[in-house]
Protein chains: 2
Amino acid sequence: MNNTRFATAIHILTLLAKAGDEWVSSDWIAGSININPAMVRKEMSVLQNAGLVVGRKGKEGGSKLNLSQNEISLADVYIAVKNSEVLGKKNLHTSAKCPVGKVINKKLDGIFSETDDLVISSLRKKTLSSFVKQF
Amino acid sequence: MNNTRFATAIHILTLLAKAGDEWVSSDWIAGSININPAMVRKEMSVLQNAGLVVGRKGKEGGSKLNLSQNEISLADVYIAVKNSEVLGKKNLHTSAKCPVGKVINKKLDGIFSETDDLVISSLRKKTLSSFVKQF
DNA sequence: TTTAATTGTAACAAAAAATATTACAATTAT
DNA sequence: ATAATTGTAATATTTTTTGTTACAATTAAA
């Protein structure tokens, strides 16, 4: 996760949460994060696929939450945006001739997925609602 | 951590652990991981700075562990190689005019560092020794 | 019905990060 | 002396991330 996707997603969802029932435009959100509106729409598309938000095209269009704030956990957000394991990538192409190289990825798998699970179950306890309350 | 540095470091340390008191060359390690020897030496340099290994130049040179296997925790390794927080980067340049944009990074800090701490304390319980025993 | 605003998405560009390669001075055992 | 090796710098290449531009499709409202 050497990217801003989680931070961006949380920022988006926080603005939507605070907007309540209104449709919020990608342009307005982009202004708050200070990134390109198209980037907002790309990430919004991911959040839509995860079922967290809904969008509407056309004049007076925009996005809003598809669930109530306390039905959305930060784990839902993390899972939607994550594109690598917490501990990173493995070396593919390790040597089949070396007793260590041959099996190390299988051994690393345990630690890697255990670590991912740990993070997810921790984030599972945190809701968008409780995060937004801080503002 | 969208890189292979943790996996590479663990691979290196596993080979050193299995080699016991011998000096292991970067060339040999590189062959097991299937990466360039200079990459191994770069990462080795990081592990040296962390006090986990020692190197020796010259003919018959190489590297070996500086501590016993059960004095090295996977947290030590993670800390040595990590270059981003688990949940990624924050958006710098968020809008000072927006009540959310203005303070969101401070609020994210809490979640970000809590998550990092969680991962580190989990890895703290795992030793190189117990990992290496699997081979 | 026309106009204006907006999404959703694709295609492309640019910047940043990760990985790979090459080279070589310094060092050390033989 | 010779050969092998590290440590590191410089550079190149590849991959990932971020940014930009464009536009068809859609929708509300004038």
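In what follows, every chain begins at residue 1, and chains take the letters A, B, ... in the order their sequences are listed. Any value given below was found using the heavy atoms of this structure, including those in side chains, with hydrogens, waters and symmetry copies removed.
Distance A/N3 CG to C/dA17 P: 12 Å, rounded to the nearest Å. As a whole-Å value, the separation of B/N91 CG from D/dT17 P is 14 Å. The distance between atom CG of A/L92 and atom P of C/dA18, rounded to the nearest whole Å, is 16 Å. At whole-Å resolution of the value, CD in A/E43 and P in C/dT7 are 15 Å apart. B/M44 places its CE atom 8 Å from the P atom of D/dT6, with the value rounded to the nearest Å. As a whole-Å value, the separation of B/L47 CG from D/dG7 P is 11 Å. In this structure, CE of A/M1 is placed 14 Å from P of C/dA18, rounded to the nearest angstrom. Here C/dA15 presents its C1' atom at 16 Å from CD1 of A/I35, a figure rounded to the nearest Å.
Place B/V54 and B/K89 on DNA chain D by their nearest nucleotides, and B/V54 ends up nearer the 5' end. Comparing B/P37 and A/K57 by the nucleotide of DNA chain C that holds the closest heavy atom to each, the one mapping nearer the 5' end is A/K57. Nearest-nucleotide mapping onto DNA chain D: of A/N34 and A/E60, the residue sitting toward the 5' end is A/N34. Across the interface with DNA chain C, nearest-nucleotide mapping of A/G58 and A/A38 shows A/G58 to be the residue nearer the 5′ end.
Contact check for A/L123 versus B/L87: side-chain heavy atoms found under the 4.5 Å cut-off. Looking at B/V54 and B/W23, their side chains come closer than 4.5 Å, going by heavy atoms from C-beta outward. Annotation: side chain of B/V100 is in contact with side chain of A/H11 (closest heavy-atom distance under 4.5 Å).
Between D/dT5 and B/S26, no contact under 4.0 Å exists linking OP1 or OP2 to a side-chain N or O. Between A/N2 and the phosphate of C/dA18, there is a side-chain N or O to OP1/OP2 separation shorter than 4.0 Å. Using a 4.0 Å cut-off, some side-chain N or O of A/S45 falls inside it from OP1 or OP2 of C/dT9. Side-chain nitrogen and oxygen atoms of A/Q48 include at least one within less than 4.0 Å of the OP1 or OP2 phosphate oxygen of C/dG8. Regarding contacts with the backbone of C/dA18, a side-chain N or O of B/N83 is found under 4.0 angstrom from either OP1 or OP2. Between A/N36 and D/dT18 there is no side-chain N or O to OP1 or OP2 distance below 4.0 Å. Contact between the side-chain N/O atoms of B/S63 and the OP1/OP2 oxygens of D/dT6 is not found at any separation under 4.0 Å. For A/R41 and C/dG8, the shortest distance from a side-chain N or O to OP1 or OP2 is not below 4.0 Å. Between B/R56 and C/dA29 there is a side-chain N or O to OP1 or OP2 distance below 4.0 Å.
A donor-acceptor pair under 3.5 Å is absent between the side-chain atoms of A/S122 and the main chain of A/L118, judged by distance alone.
When distances run from any side-chain atom of A/K59 to the nucleotides D/dA4, D/dT16, D/dA28, the shortest one goes to D/dA28. If you check D/dG19, C/dT7, C/dT19 against the side chain of B/M39, the one that comes closest is C/dT19. Nearest nucleotide to the A/R5 side chain, out of C/dA20, D/dT6, D/dT18: D/dT18.
Relative orientation of the B/F6 and B/Y78 rings is perpendicular, given thresholds of 30° and 60° on the angle between their planes.
The two residues A/M44 and A/I29 make their nearest non-hydrogen contact at CE-CD1, 3.6 Å.
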